[in-house]
Amino acid sequence: MCGRYTLYDAPHKLKDLFGTGNLPNFGARYNAAPLQEMPVIVKNKMGIARWGFLPPWAHEDDHGLCAKMINARSETVADKPSFIESWQKGRRCLIPANGYYEWQKDETSKQKQPYYITSSRHDCFAFAGLWSKHNDLVTFTILTKEADAAIAHLHHRMPIMLSPDEKEDWFTANTEGAAAIIQSAHGKDLVFHPVSDDVGKVANDSEALIAPVTIMQQQTMF
DNA sequence: CCAGACGTTGTT
DNA sequence: GTCTGG
DNA sequence: CCAGACGTTGTT
DNA sequence: GTCTGG
């Protein structure tokens, strides 16, 4: 599901938007991928963490496991051995983003069409997530839920997205409160458009990736 | 009880 | 560390 | 998430 | 088909 996203707002803009105290340095990203280092917010601080989650009992160098944990189902996150500690101890984070990508699979033609999804209401928002720490390595996962009707035909799951003004609630809530915030999260204001297949390649990372394209129906030779 | 997995999405 | 399956 | 690799022995 | 790397 949510396996690629963008974050191109400048650090100082994110600082203002989310009211964080410090200001790490990072550049615009149009194709953030799992296992990469990205900005995350925990309470009033912004830091850099690795996308993918390492459970507390896992080895720090277990990249394979980390890469498998890029998403966590919000419906079961409180029950899963991998996430239970972070959930119960309130290790929640926000992952600032400007949009994310979704690949729609066509069952008959077996083609994959990437779409870029944004919010018509907030040009910068945040995914809700959980973090974990091993020595100096901080990792994070993005919480998901059933897709809103606005994008359900693209994909039946979507990330939990919060607006900047929901930050305070997300971090001051107790576990029950956090669950309620997740419940109330929605995607009513989501909009999307098809983009180039170039986004598939992790090495591609430019503004051109989010430009709308016209879908060309590919010829089947046989 | 111990051993072994520990995740998601999507597809069947 | 904690849950599931046997 | 997608793209790309997917193996060993032995030699340098 | 399935795993790894990014």
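The sequence lines fix the lettering, A, B, ..., with proteins before strands; numbering per chain opens at 1. The structure presented is a predicted model; accordingly, all values stated were derived computationally and were not measured.
We find that NE2 of A:His156 is positioned 14 Å from C1' of D:dC1, with the value rounded to whole Å. One atom, CZ of A:Arg157, and another, C1' of B:dT11, lie 16 Å apart when rounded to the nearest Å. In this structure, A:Trp51 atom CH2 and B:dG7 atom P are separated by 19 Å, rounded to whole Å. Note: NZ (A:Lys105) to C1' (D:dC1) measures 8 Å, nearest angstrom. Taking atom NZ of A:Lys112 as the reference point, atom P of D:dC1 lies 10 Å away to the nearest angstrom. Atom NZ in A:Lys145 sits roughly 20 Å away from atom C1' in B:dG7 (whole-Å rounding).
Using a 3.5 Å distance cut-off with no hydrogens or angles, the side chains of A:Thr144 and A:Arg157 do pair a donor with an acceptor.
Backbone-only engagement by A:Phe83 is indicated by non-hydrogen atom pairs under 4.0 Å involving sugar-phosphate atoms exclusively. A:Ala72 comes within 4.0 angstrom of sugar-phosphate atoms only, judged by non-hydrogen atoms across all strands, and of no base. Nucleic acid contact for A:Ser86: none, since no nucleic acid atom lies under 4.0 Å from a heavy atom of the residue. If you check every strand for non-hydrogen atoms under 4.0 Å, A:Arg4 touches a base. Contact annotation for A:Pro55: no contact, since no heavy-atom pair falls under 4.0 Å across all strands. Using a 4.0 Å heavy-atom distance criterion, A:Thr144 is classed as a sugar-phosphate-only contact.
Other residues, nucleotides and ligands contribute more than 12 heavy atoms inside 6.0 Å of the CD atom of A:Glu37. Atom NE2 of A:His153 is surrounded by more than 12 heavy atoms from other residues, nucleotides or ligands within 6.0 Å.
Contact between the side-chain N/O atoms of A:Arg73 and the OP1/OP2 oxygens of B:dT8 is not found at any separation under 4.0 Å. Dashed line: the shortest gap from a side-chain N or O of A:Lys201 to OP1 or OP2 of D:dC1 is not under 4.0 Å.
Contacts between residues 61-71 of chain A and DNA chain B, counted as heavy-atom distances below 4.0 Å, involve A:Lys68, A:Met69, A:Asn71.
Taking atom C1' in both D:dC1 and B:dT8, one finds a spacing of 11 Å when rounded to whole Å. Of the P atoms belonging to B:dA5 and E:dC3, the separation is 13 Å, rounded to the nearest Å. Comparing the same atom, P, in D:dT11 and in B:dA3 gives a spacing of 44 Å after rounding to whole Å. For the P atoms, the distance linking E:dG5 with D:dG7 amounts to 11 Å, nearest Å. Comparing D:dC2 with B:dT9, their C1' atoms are spaced 13 Å from each other, to the whole Å.
Under a 4.0 Å N-O distance rule, the pair A:Arg4/A:Glu102 does not qualify as a salt bridge.
For A:Cys2 against A:Trp51, the heavy-atom pair with the smallest separation is O-CZ2, 3.2 Å. Nearest heavy-atom pair across A:Met69 and A:Leu65 is CG-O, 3.1 Å.
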For nucleotides 1-6 of chain C, read 5' to 3', which letter fits each nucleotide if B means a protein heavy atom sits under 4.0 Å from the base, S means only the sugar-phosphate is that close, and - means neither?
BBS---

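Ring centroid separation for the pair A:Tyr5 and A:Phe127 comes in under the 6.0 Å cut-off. For A:Phe140 and A:Phe53, the gap between ring centers reaches or exceeds 6.0 Å.
Remark: A:Arg92 is positioned above the aromatic ring of A:Trp170, its terminal NZ or CZ atom under 6.0 angstrom from the ring centre and at most 45 degrees off the axis.
For A:Tyr8, the ring pair (Phe, Tyr, Trp, His ring centres under 6.0 Å) test picks out A:Tyr30, with sequence neighbours left out.
Both distances falling under 3.5 Å, in either a Watson-Crick or a G-U wobble arrangement, place D:dA5 opposite E:dT2.
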